[in-house]
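Below is one structure, written out as structure tokens; comments come after it.
Just so we're clear, the structure is a prediction, and the values are computed from it rather than from any experiment.
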Amino acid sequence: QVQLVESGGGSIQAGGSLRLSCVVSGYTVSRACMAWFRQAPGKEREGVAAIGGDGSTSYADSVKGRFTISQDNAKKNLYLQMTSLKPEDTAMYYCAAAAAIYGCGTWWMQSGWYPDWGQGTQVTVSS
């Protein structure tokens, strides 16, 4: 049974850091594209970062140099380390997974490719 459970969100001041976690079950993550998305009120869900089974990573331009996506050695947990947070980073953050033998392709930012999602964790950044 597939299950993705996020944690680690919270309220923080601009410039601070947070680390989001996603416990993944029911997936062979070495053959999957795992990603973080976010959705702010009134806006579309957008891809933030993705990691393939080979460890290759992709990032949205808005978070490059500030966010880091990673997986643990057992590849059961997905992480998003967020630094230098800005008020515009405020959103509900979601963990997503898609079976992908060859890793994340150029499609990684399109939410429709991911059949499995977590329930989300809220991140609020104040100025």
- Note on the structure: Looking only at heavy atoms, the pair that brings Tyr27 and Pro115 closest together is OH-CG, 3.7 Å

I'd like to check the side-chain hydrogen bond (donor to acceptor under 3.5 Å, both in side chains) partners of [X]; sequence neighbours left out, ordered by chain and number.
{"X": "Arg66", "value": "Asp89"}
{"X": "Lys43", "value": "none"}
{"X": "Gln122", "value": "Thr124"}
{"X": "Trp113", "value": "Gln110"}

- Counting distance only, does the side-chain N/O of Glu6 pair as donor-acceptor with the main-chain N or O of Cys22 below 3.5 Å?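 Such a contact is absent between Glu6 side chain and Cys22 backbone.
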
Sequence neighbours left out, cut at 3.5 Å: what donor-acceptor pairs do the side chains of residues 45-52 make with other protein atoms?
residue	atom	partner	partner atom	Å
Arg45	NE	Gln39	OE1	3.3
Arg45	NH2	Gln39	OE1	3.4
Glu46	OE2	Arg38	NE	2.6
Glu46	OE2	Arg38	NH2	3.2

- Item | Non-neighbouring partners of Ile12 that pass side chain to side chain contact (heavy atoms under 4.5 Å, CB included), sequence neighbours left out | Leu18, Leu85, Val125

- Message: When you group the ILVMFWY residues by side-chain heavy-atom contacts below 4.5 Å and let the links chain together, are Leu78 and Val23 in the same group?
- Response: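 No; Leu78 is not reachable from Val23 via cluster members.
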
- Are Trp108 and Val24 in one and the same hydrophobic cluster, where Ile, Leu, Val, Met, Phe, Trp and Tyr link if side-chain heavy atoms are under 4.5 Å apart? no

- Can you list the residues that meet the salt bridge (charged side-chain N to carboxylate O under 4.0 Å, His left out) rule with Glu88, with sequence neighbours excluded?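 None.
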
- Query: Can you check whether Asp116 reaches Leu4 side chain to side chain, under 4.5 Å on heavy atoms?
  - Reply: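 Yes; the side chains approach each other to less than 4.5 Å.
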
- Nonpolar side-chain network containing Tyr79, other nodes, edges under 4.5 Å: none

- Any chance you could pull the hydrophobic cluster mates of Val5, using side-chain heavy atoms under 4.5 angstrom and chaining through other members?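 Taking Ile, Leu, Val, Met, Phe, Trp and Tyr as members, Val5 stands alone, with no cluster partners.
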
- Message: Listing request: all ring-ring contact (aromatic ring centres under 6.0 Å, His included) pairs with a residue in residues 81-101, at least two apart in sequence or in separate chains.
- Response: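 Non-adjacent pairs meeting ring-ring contact (aromatic ring centres under 6.0 Å, His included): zero.
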
- Query: What residue pairs, at least two apart or across chains, pass ring-ring contact (aromatic ring centres under 6.0 Å, His included) with a residue in residues 36-69?
  - Reply: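 Matches after skipping sequence neighbours: Phe37-Tyr114, Phe37-Trp117.
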
- Query: Under the disulfide (SG to SG under 2.5 Å) rule, what pairs show up with a residue in residues 97-127, not counting sequence neighbours?
  - Reply: Cys33-Cys104

Look up atom [atom1] in [X] and atom [atom2] in [Y], then write down how far apart they are to the nearest 0.5 Å.
{"X": "Asp61", "Y": "Met109", "atom1": "CG", "atom2": "CE", "answer": "7.5 Å"}
{"X": "Arg19", "Y": "Ser17", "atom1": "CZ", "atom2": "OG", "answer": "12.0 Å"}
{"X": "Gln81", "Y": "Ser70", "atom1": "CD", "atom2": "OG", "answer": "8.0 Å"}
{"X": "Cys95", "Y": "Leu80", "atom1": "SG", "atom2": "CG", "answer": "10.0 Å"}
{"X": "Met92", "Y": "Thr121", "atom1": "CE", "atom2": "OG1", "answer": "7.5 Å"}

